[in-house]
Amino acid sequence: MRSTDAQDAILRRVRAIPPGYVRTYGDISPGAPRLVGHVLSRLDADGVPWHRVVRADGSLAKGDRQRRLLEAEAVPFRGARVLLSSARLDDLDAV
């Protein structure tokens with residue numbers, strides 16, 4: 001994948017999500033959440049915690065694989081969705 005400033009910013013924001021927390025596609029890029037999905041779908045590099053990015057309703061784009069990775073980090077779920085009220089990291093959180 002050829003890198004652009006927007007892609008670099010997306011990857012930097014995703015790498016900044018600590019274990020046990022998630023952000024939504026819209027949190028990563030408010031004006032272009034689909035670009036986040038596109039960048040992450042073409043990822044071939046290790047070290048990017050793609051599994052910590054979820055949909056705005058807490059549902060998972062990558063299903064069981066993503067859920068296993070998040071559960072291993074103790075991310076809380078309610079049914080099939082991440083409990084965003086507990087796990088969503090916003091800019092005000094000091095972690």
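- In this structure, the salt bridge (charged side-chain N to carboxylate O under 4.0 Å, His left out) partners of Arg81, at least two apart in sequence or on a different chain, are Asp57.
- Under the side chain to side chain contact (heavy atoms under 4.5 Å, CB included) criterion, Ala32 pairs with Ser29, Leu35, not counting sequence neighbours.
- A pairwise comparison of heavy atoms in Ala87 and Val82 identifies CB-CG1, 3.8 Å as the closest pair.
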Which atom pairs, donor and acceptor, lie under 3.5 Å between side-chain atoms of residues 67-76 and protein residues at least two apart or in another chain?
unit_1, atom_1, unit_2, atom_2, d
Arg67, NE, Glu71, OE2, 2.8
Arg67, NH1, Gly79, O, 2.7
Arg67, NH2, Glu71, OE2, 3.3
Arg67, NH2, Gly79, O, 3.3
Glu73, OE1, Gly20, N, 3.3
Glu73, OE1, Arg52, NE, 3.0
Glu73, OE2, His51, NE2, 3.0
Glu73, OE2, Arg52, NE, 3.2
Glu73, OE2, Arg52, NH2, 2.7

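- Remark: side-chain polar atoms of Arg23 are paired, donor with acceptor, to backbone N or O of Leu89 under 3.5 angstrom.
- Judged by distance alone, with hydrogens and angles left aside, the side-chain atoms of Gln66 form a donor-acceptor pair with the main-chain N or O of Ala61 at under 3.5 Å.
- Of the listed residues (Arg13, Arg88, Arg55), just one forms a salt bridge (charged side-chain N to carboxylate O under 4.0 Å, His left out) with Asp27, and that residue is Arg88.
- Considering OH of Tyr21 and CG of Leu84, their distance stands at 13.5 Å, rounded to 0.5 Å.
- Hydrophobic cluster membership is shared by Ile17 and Trp50, with clusters built from Ile, Leu, Val, Met, Phe, Trp and Tyr side chains linked at under 4.5 angstrom.
- A continuous path of Ile, Leu, Val, Met, Phe, Trp and Tyr side chains, each step under 4.5 Å between heavy atoms, connects Tyr25 with Val39, placing both in one hydrophobic cluster.
- Counting heavy atoms from C-beta outward, Val14 and Pro49 have side chains that approach closer than 4.5 Å.
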So Leu40 and Leu43, side chain to side chain contact (heavy atoms under 4.5 Å, CB included) or not? Walk me through it.
CA-CA 5 Å; Leu40 294 179; Leu43 209 62; 4.3 Å; yes
